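These numbers were taken from a predicted model, which means no experiment stands behind them.
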Amino acid sequence: MTEDVPAGPLAGVRVIELAGIGPGPFAAMMLADLGADVVRVDRATDVDPDAFGTPHPDLLNRGRRSIGVDLKSPGGREVVLALVADADALIEGFRPGVTERLGVGPADCLAANPRLVYGRMTGWGQDGPAAPYAGHDIDYLALTGALHGIGRAGERPVPPLNLLGDFGGGGMMLALGLVSALYAVRGGARGQVVDAAIVDGVAVLSTQIHALRRLGMWQDARGVNLLDGGAPFYDTYECADGRHLAVGALEPRFYDELVRRTGFPLAPDEALDRTDPANWPALRQSWARVFRTRTRDEWTALLGSSDACVAPVLDWREAPEHPHLAARGTFVQRDGVTQPAPAPRFSGTPTALRRPPPQPGEHTDELLAGAGFAPARVAALRAAGAVA
């Protein structure tokens, strides 16, 4: 599929992204993957014309066109508001109040386009005592309780990369919020502001844990519960070659299948009652002895195509080559770069990677012309340093 062919359920939607890092670009990537026309407003100082035509290495920026703008200049503000006038949504990830000071805040943009959905991505949110201050994924997880629950019993909490906060509770929630607000606009509602805070998103993601606590099925202590590595049948194990297996045999019938296929336990260990948490430490030791008798791939060959709920723990290089992921095309190649394919999948409006990540400012002239700027005005803006 060529770059110019609309693809995906969001074809026809125009999004303006004020360049940032992490969750904001991820939300923009998701929308671009689903077919939206996303225009990334990069800093004019980041523009290097010699790099044009070569994909930028940051895959989070894929699917976009880029314009180089000095947001602090009057001309830059003029350009952004002109782009906003013809857009459906905007994404920004600055601290609260920054875009207002730049003259491209919600009031400015909604005045230029009353149907605009204005998406704001922050860690703490637009208000509250912590809103003015810096933070990162690990801080947001800490405040919501999520970080407390991740780690081994008796040990300190472990950061789960930045997938849970930045991308799950942040960027994905912003993308959902934008699509929801766009749906409302298509139904006749006015434009509005979407305040996506990572602390809010992570809290929502942890709803089930709060429910389990109320049901008396979850202890606040770390690493002693069914899904946090406390249960020996929901954990990882080292194999004979030093690599690891993930075991998720939660239900009795799946556990029985695992026992049958592995021949568990080795003598003189006993097949203790797994429903009694008091037996979990001994069972974990018994399972560890079993899994150390073969290599990871030998266990995968024995258990992979079954209901034993076991999978090899693959590294980043191995994952795209796994037969299941390869068969589904979970990873794709674009411009010689292996990367995750767009998700989810749509039967009637299939998605595609239409554009590689752009270099900052690579499409400045094209986008200004599309926004109605005459060549003389473009030249004046460039001479003033408002665009690059």
Side-chain angles (χ1 to χ4, degrees), residues 10 13-33 36-49 51-52 55-56 58-113 116-122 171 174-175 178 191 193-194 196 355-373 377-378 380-382 384-388:
L10 294 184
V13 172
R14 169 72 67 88
V15 180
I16 308 302
E17 173 199 4
L18 304 186
I21 59 174
F26 177 74
M29 184 199 80
M30 290 294 298
L31 299 180
D33 282 355
D37 176 15
V38 180
V39 174
R40 181 174 167 89
V41 179
D42 279 299
R43 293 178 176 85
T45 53
D46 290 340
V47 175
D48 177 12
F52 291 176
H56 194 278
D58 190 349
L59 294 176
L60 284 181
N61 294 342
R62 71 188 187 189
R64 333 267 224 280
R65 290 181 291 169
S66 171
I67 181 171
V69 177
D70 178 6
L71 289 175
K72 296 182 179 179
S73 70
R77 176 179 183 272
E78 175 192 352
V79 168
V80 170
L81 292 179
L83 294 172
V84 161
D86 192 38
D88 298 290
L90 178 143
I91 292 173
E92 65 94 358
F94 298 107
R95 292 198 201 191
V98 170
T99 57
E100 284 86 347
R101 292 194 294 273
L102 293 171
V104 291
D108 306 292
C109 291
L110 286 167
N113 181 354
L116 184 76
V117 174
Y118 194 104
R120 317 197 78 170
M121 183 74 258
T122 60
L174 175 59
L178 289 169
V193 176
V194 178
R355 295 178 180 272
Q359 294 292 338
E362 191 166 356
H363 307 94
T364 295
D365 290 340
E366 171 189 329
L367 289 164
L368 289 174
F373 286 83
R377 181 57 183 151
V378 173
L381 288 167
R382 184 167 273 115
V387 300

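The salt bridge (charged side-chain N to carboxylate O under 4.0 Å, His left out) search around R40 returns E17, D42, not counting sequence neighbours. With sequence neighbours left out, the side-chain contact (heavy atoms from CB on, under 4.5 Å) criterion links A36 to L10, V13, V15, L31, V38. Among residues two or more places apart in sequence or in another chain, the side-chain contact (heavy atoms from CB on, under 4.5 Å) test is passed with P49 by V47, F52. Applying the side-chain contact (heavy atoms from CB on, under 4.5 Å) rule to A386 yields the partners S73, L381; only residues at least two apart in sequence or on another chain are considered. Evaluation of the ring pair (Phe, Tyr, Trp, His ring centres under 6.0 Å) rule for F94 yields no partner, not counting sequence neighbours. In this structure A51 satisfies the side-chain contact (heavy atoms from CB on, under 4.5 Å) test together with D48, Q359, sequence neighbours excluded.
Side chains of E100 and P106 form a contact here, defined as non-hydrogen atoms less than 4.5 Å apart. Annotation: side chain of S66 is not in contact with side chain of R355 (no heavy-atom distance under 4.5 Å). By the 4.5 Å heavy-atom criterion applied to side chains, V84 and Y118 are not counted as neighbours. Side-chain atoms of I67 and L83, non-hydrogen and from C-beta on, do get closer than 4.5 Å to each other.
Among residue pairs with one or both ends in residues 86-98, those qualifying as side-chain hydrogen bond (donor to acceptor under 3.5 Å, both in side chains) are E92-R120; sequence neighbours excluded. Residue pairs meeting the salt bridge (charged side-chain N to carboxylate O under 4.0 Å, His left out) criterion with at least one member in residues 75-85, sequence neighbours excluded, are R77-D108, E78-R377. The list of side-chain hydrogen bond (donor to acceptor under 3.5 Å, both in side chains) pairs with a residue in residues 362-372, not counting sequence neighbours, reads R65-E366, D365-R382.
Across L81 and C109, no two heavy atoms sit closer than the pair CD2-SG, 4.0 Å. Contact between P96 and R101 at its shortest, heavy atoms only, is O-NH1, 4.5 Å. Nearest approach of L174 to A27, heavy atoms of both residues: CD2-CB, 3.8 Å. Of all heavy-atom pairs spanning I16 and A87, the tightest one is CG1-CB, 3.6 Å. Across all non-hydrogen atoms, the minimal contact from D70 to A44 is N-CB, 3.9 Å. Scanning both residues, P25 and N61, for their nearest heavy atoms gives CB-OD1, 4.1 Å.
Atoms CE and CZ, from M29 and R64 in turn, are 8.0 Å apart once rounded to the nearest 0.5 Å. Here the CZ-CG distance, from F26 to D33, works out to 8.5 Å after rounding to the nearest 0.5 Å.
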